[in-house]
Peer 1: 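Below is a structure I'd like to ask you about.
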Amino acid sequence: MKLTFLGTGTSTGVPMIGCECATCRSHDRRDKRLRTSALLSAGNTNILIDAGPDFRQQMLDAGSPPLSALLLTHTHYDHAGGIDDLRPYCYPDGFDIYAQAADIDDLRMKVPYCFAEHPYPGAPVLNPHVIAPMKPFEINGLSIEPLPVKHYLLDIVGFKIGNLAYITDAKEVPAETIDAIKGVDTLVINALRHKEHISHLNLTQALDVIKAVRPRMAYLTHISHDMGLYSEVAPTLPDNVRPATDGETIEIQD
Ligand SMILES: [Zn+2]
Ligand SMILES: [Zn+2]
């Protein structure tokens with residue numbers, strides 16, 4: 001199983017429009033971060049996790065891979081704003097998306113034409129599948145377990161797929177999720193910046209989650225320009241923790 005980080009930036013992306021800070025002016029490609037999204041590949045199955053506003057660019061950068069389905073962590077714009085661009089993947093049979101019931105309802109309001117009974121010619125056609133925390137489901141024989149995650153007041157989900165746990169936009173990782181993913185090979189976890197934030201883990205809090213889960217490797221995602229330069233932050237992290245970078249592909253060990 002392989003995971004490609006399509007984007008590792010927070011909602012503004014890095015650089016941020018109009019910002020003159022050292023990170024936003026950096027020429028290091030490891031400091032360029034599109035909005036958070038990832039592609040999981042197992043055999044012929046390619047599963048997209050979130051489809052933010054950079055989705056189209058991310059698919060082109062990844063070589064336009066075929067996609068089996070989309071898993072949504074939640075419907076904030078930086079995670080779902082690219083759904084309209086799924087249209088090349090929607091024909092002839094529609095495209096399968098998996099999200100919590102409230103998130104499917106939210107999408108029916110935001111992009112109603114993707115769920116139309118008689119779609120406008122060429123419009124995206126989405127086949128919604130309702131998922132719930134701790135209720136595993138399968139895509140092409142691959143078992144996926146949605147994990148409860150607190151994003152300030154929102155109940156969103158992360159995913160455990162084989163020996164990978166993928167969590168973004170957590171402010172709090174509940175004990176039942178920690179228990180469900182203890183000792184996984186690879187943990188992906190959001191870490192926004194050094195300072196406290198109301199709805200996202202900061203670096204110290206993300207490192208605490210990593211300590212509790214004890215993965216072989218942990219990768220940080222959903223990173224803000226306030227985290228600082230990759231070249232300065234990476235050396236300060238524990239041996240088994242790295243900031244993820246856009247376009248990087250990692251191997252998940254069984
Ligand atoms: Zn969010
Ligand atoms: Zn986000």
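The figures that follow rest on heavy atoms only: side chains count, while hydrogens, waters and symmetry mates do not. Numbers for residues simply follow the sequence, beginning at 1. Order of appearance sets the numbers: ligands from 1, and atoms from 1 within every ligand. Just so it is clear, the model here is predicted, and its values are computed rather than measured.
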Peer 1: Would you say the ring centers of Tyr113 and Tyr120 fall short of 6.0 Å from each other?
Peer 2: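 No; Tyr120 has its ring centre 6.0 Å or more from that of Tyr113.
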Peer 1: How wide is the angle at the Zn ion (ligand 2) between OD2 in Asp78 and NE2 in His222, to the nearest 10°?
Peer 2: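 Roughly 90°, rounded to 10°.
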Peer 1: Go through the side-chain N and O atoms of Thr168 and Asn190 and say whether any donor and acceptor fall under 3.5 Å apart.
Peer 2: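 Per modelled atom types, Thr168 and Asn190 side chains form no pair under 3.5 Å.
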Peer 1: From His151, does some N, O or S atom reach closer than 2.8 Å to the Zn ion (ligand 2)?
Peer 2: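 No, since none of the N, O or S atoms of His151 sits under 2.8 Å from the Zn ion (ligand 2).
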Peer 1: Any N/O/S atom, backbone or side chain, of His76 lying under 2.8 Å from the Zn ion (ligand 2)?
Peer 2: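 No - counting backbone and side chain alike, His76 has no N, O or S atom under 2.8 Å.
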Peer 1: Can we say Arg35 and Asp78 salt-bridge, meaning some charged N sits less than 4.0 Å from an Asp/Glu carboxylate O?
Peer 2: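 Answer for the salt bridge query: no.
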Peer 1: Does the side chain of Ser41 come under 3.5 Å of the side chain of Asn46 through a donor N or O and an acceptor N or O?
Peer 2: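 A pair is found: one side chain offers a donor N or O, the other an acceptor, under 3.5 Å apart.
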Peer 1: Of the backbone and side-chain N, O or S atoms of Asp169, does one lie nearer to the Zn ion (ligand 1) than 2.8 Å?
Peer 2: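 Asp169 does place an N, O or S atom closer than 2.8 Å to the Zn ion (ligand 1).
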